[in-house]
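A quick note: this is a predicted structure, and the numbers were derived from the prediction, not measured. Note on naming: letters A, B, ... go to the chains in the order of the sequence lines (proteins, then strands), and numbering restarts at 1 for each one.
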Number of protein chains: 2
Amino acid sequence: MTAPGGTGEHGDTRGRDAGQGPARAVPPSTVARLPGYLRALHALAAEGAVLTSSDELAARSGVTSAQLRKDLSFLGSYGRRGVGYDVAHLSERVEVVLGLTTQRRVVIVGIGNLGHALANYSGFADRGFAVVGLVDADPDVVGTTVAGLTVQPFAELAGLVSGTGATIGVIATPAAGAQVVCDALVDAGVVGILTFAPRALRVPAHVDVRAVDVASELQILAFHDRRRTGTWEV
Amino acid sequence: MTAPGGTGEHGDTRGRDAGQGPARAVPPSTVARLPGYLRALHALAAEGAVLTSSDELAARSGVTSAQLRKDLSFLGSYGRRGVGYDVAHLSERVEVVLGLTTQRRVVIVGIGNLGHALANYSGFADRGFAVVGLVDADPDVVGTTVAGLTVQPFAELAGLVSGTGATIGVIATPAAGAQVVCDALVDAGVVGILTFAPRALRVPAHVDVRAVDVASELQILAFHDRRRTGTWEV
DNA sequence: TAGATTGTTAATCGATTAACAATC
DNA sequence: TAGATTGTTAATCGATTAACAATC
């Protein structure tokens, strides 16, 4: 983690040339916070800020400045002691690390209420993603136009993924169909899956899954709620 | 994302009847997995299973059996060595710990595409929550009926929360309005907030916040995607 | 220079894993 | 009993925090 003999290399703007292999391992907990830093950086840029400090950026991201500096240290040395961070430069470095310099293509499977909302969500395009395909199993939904795209039948999934070069699949189907959809996405070649279906998915090791379950989130809130509102029932 | 320093209280109200386990503080990482165990338990019950094992339940939840047993040990000793766990009994214990024996009331603020989808989501009612109010700032939306509820203006938020006894607020507004909505929810008395707005929220220590940012989730997937699809740009 | 702020170190804290004694 | 499986312990691993030397 630490470059031994680090005093030898001068910082410069290019604190780390990423020529060979993974620059350094970025811990998962750090990776998970990078999008939040990027959001804060974009907000600062929009306000016209050129420089920021770990204190300011941390406050806007909802973390401590110690944690922010620690996280950024895994990416390299892009700040200047006594001065702070250049907003534009740091944004760019974070985007490079997250792999956002190329727009990733996304297909959404399950065009119900949630799939509809996701297909129309402008935040995807703003943050590096293009929704390039929509798929649903319901014949009544297939053929309709949502967010400018024609919904395709499930049988077209593989062709859609390979034809568009999509690397990420979003599952917005009911729980019952989620594993079948997941398997089809994996077979079609996606390497990342974001699922909203309340069910654990099995995937091969080379595929990354992130799961969002809104009811689970509420249940976690309920755990604390219980302690605060004095609702104890045993 | 929990509020920094947020859930630091260890009230450790030992509100548990003796049973067979010492009441201990349940670690946050364990609490976050309990909804997944509960989902798996309900699925087993629906299939008619009466008993289960840590191996089976763990496989269905997507964790290791060691982790499952460790997690459950914080709740008490509800299994039987050499036998396994009674599905119904364990479900009930998990529900008690999560505070799901009373139905929690939820208000949703921001009735756009996402708010619509959430209001209509049957998974809430199935898993312990009742959506009791909808609020929007847009006069064109106020007064419309969504999921059987009439959308109220923002000015009615406080009255709605106190009138219904809601303890949880869901924020489905654009990022720009999220902090104002959050402050209003807190003032109105909610103790838990689930936000979908891509912005860090500031809340007092007694309020718990969980944040879901779908674009951030995709960005985290992109980090791994980059390594797998060979898209290196540095 | 004097003041400010990073990047890194070391200490602490928490979570996961592996193994097995207890016990059904 | 013999086999199965939990609940717990101890070891490992990873993440967070605090402090400060480096340096702009």
Side-chain angles (χ1 to χ4, degrees), chain A residues 1-16 23-34 36-37 49-59 61-87 89-90 93, chain B residues 1-8 10 19-34 36-37 49-59 61-87 89-90 93-94:
Chain A
M1 223 97 308
T2 321
T7 44
E9 24 191 62
H10 11 43
D12 207 15
T13 55
R14 196 153 302 264
R16 172 156 330 277
R24 48 170 110 167
V26 183
S29 56
T30 294
V31 172
R33 282 186 293 266
L34 293 180
Y37 301 155
V50 171
L51 282 174
T52 188
S53 65
S54 61
D55 270 347
E56 181 179 53
L57 190 52
S61 306
V63 303
T64 65
S65 64
Q67 181 153 76
L68 177 88
R69 290 199 303 277
K70 182 71 169 162
D71 283 338
L72 294 185
S73 75
F74 291 110
L75 315 188
S77 298
Y78 301 120
R80 284 171 61 190
R81 290 168 139 101
V83 177
Y85 301 90
D86 180 276
V87 172
H89 183 240
L90 184 57
R93 300 315 305 175
Chain B
M1 181 188 301
T2 32
T7 51
H10 282 222
Q20 34 266 303
R24 310 180 225 196
V26 183
S29 56
T30 295
V31 172
R33 283 187 292 267
L34 293 180
Y37 301 156
V50 171
L51 281 175
T52 188
S53 65
S54 61
D55 269 346
E56 180 177 53
L57 189 53
S61 307
V63 302
T64 65
S65 64
Q67 182 154 76
L68 177 88
R69 289 199 302 278
K70 182 71 169 160
D71 283 337
L72 294 185
S73 76
F74 291 108
L75 315 188
S77 299
Y78 301 119
R80 284 171 60 189
R81 290 168 139 103
V83 178
Y85 301 90
D86 180 276
V87 172
H89 183 240
L90 184 57
R93 299 315 307 175
V94 175

Open item on the list: Any side-chain N or O of A:Tyr78 below 4.0 angstrom from OP1/OP2 of C:dT5?
Closed with: no
TODO: Measure from the side-chain N and O atoms of A:Ser61 to the backbone N and O of A:Leu57, and report whether any donor-acceptor pair falls under 3.5 Å.
DONE: yes
Task: Contact under 4.0 Å: B:Tyr85 side-chain N or O vs D:dG7 OP1/OP2 - done: yes
Open item on the list: Does A:Tyr37 form a side chain to side chain contact (heavy atoms under 4.5 Å, CB included) with A:Val63? I'd like the steps, not just the answer.
Closed with: CA-CA 10 Å; A:Tyr37 301 155; A:Val63 303; 3.8 Å; yes
Task: For A:Leu51 against A:Glu56, the heavy-atom pair lying closest together - done: O-OE1, 4.1 Å
- [ ] State which residue, out of A:Gln67, A:Arg69, A:Lys70, fulfils the side-chain hydrogen bond (donor to acceptor under 3.5 Å, both in side chains) condition with A:Ser54.
- [x] A:Arg69
Open item on the list: Can you tell me if A:Ser54 touches the phosphate of C:dT5, counting only side-chain N or O atoms and a distance under 4.0 Å to OP1 or OP2?
Closed with: no
TODO: Mind calculating the distance between CG (A:Asp55) and C1' (C:dG7) to the nearest angstrom?
DONE: 14 Å
Open item on the list: Any non-hydrogen side-chain atom of B:Val26 less than 4.5 Å from a side-chain atom of B:Val31?
Closed with: yes
Open item on the list: Output one letter per nucleotide in nucleotides 19-24 of chain C: B when a protein non-hydrogen atom lies under 4.0 Å from the base, S when only the sugar-phosphate is that close, - when neither is.
Closed with: B--BBB
Task: Within-4.5 Å side-chain heavy-atom neighbours: B:Asp55 and B:Leu68 - done: no
TODO: Give the rounded distance in Å between these two atoms: CG of A:Leu90 and P of C:dT6.
DONE: 11 Å
TODO: Please report, rounded to the nearest Å, how far the C1' atom of D:dT8 is from the CG atom of B:Leu72.
DONE: 13 Å
Task: Whole angstrom value for the distance that separates P of D:dG7 from CG of B:Leu68 - done: 10 Å
TODO: Dump the intermediate steps for side chain to side chain contact (heavy atoms under 4.5 Å, CB included) on B:Tyr78 and B:Leu72, then the final yes or no.
DONE: CA-CA 8 Å; B:Tyr78 301 119; B:Leu72 294 185; over 6 Å; no
Open item on the list: Taking Watson-Crick (N1-N3 plus N6-O4 or O6-N4) and G-U wobble (N1-O2, O6-N3), each under 3.5 Å, can you produce the dot-bracket string of DNA chain C? Use [ ] for crossing pairs and | for inter-strand ones.
Closed with: ..||||||||||||||||||||||
Using atom names, set out every protein N or O paired with an N or O of nucleotides 10-15 of chain C below 3.5 Å, distance rounded to 0.1 Å.
{"from": "C:dA15", "atom 1": "O5'", "to": "B:Ser29", "atom 2": "OG", "distance (Å)": "3.3"}

Task: Residue pair B:Tyr85 / B:Gly79: nearest heavy atoms and the distance that separates them - done: CD2-CA, 3.4 Å
- [ ] Step by step, work out the side chain to side chain contact (heavy atoms under 4.5 Å, CB included) result for B:Val94 and B:Leu34.
- [x] CA-CA 7 Å; B:Val94 175; B:Leu34 293 180; 4.2 Å; yes
Task: Nearest-angstrom distance from the residue atom CG of B:Leu51 to P of D:dA4 - done: 16 Å
Open item on the list: Return the OG1 to CG distance between A:Thr52 and A:Asp86, rounded to the nearest 0.5 Å.
Closed with: 10.5 Å
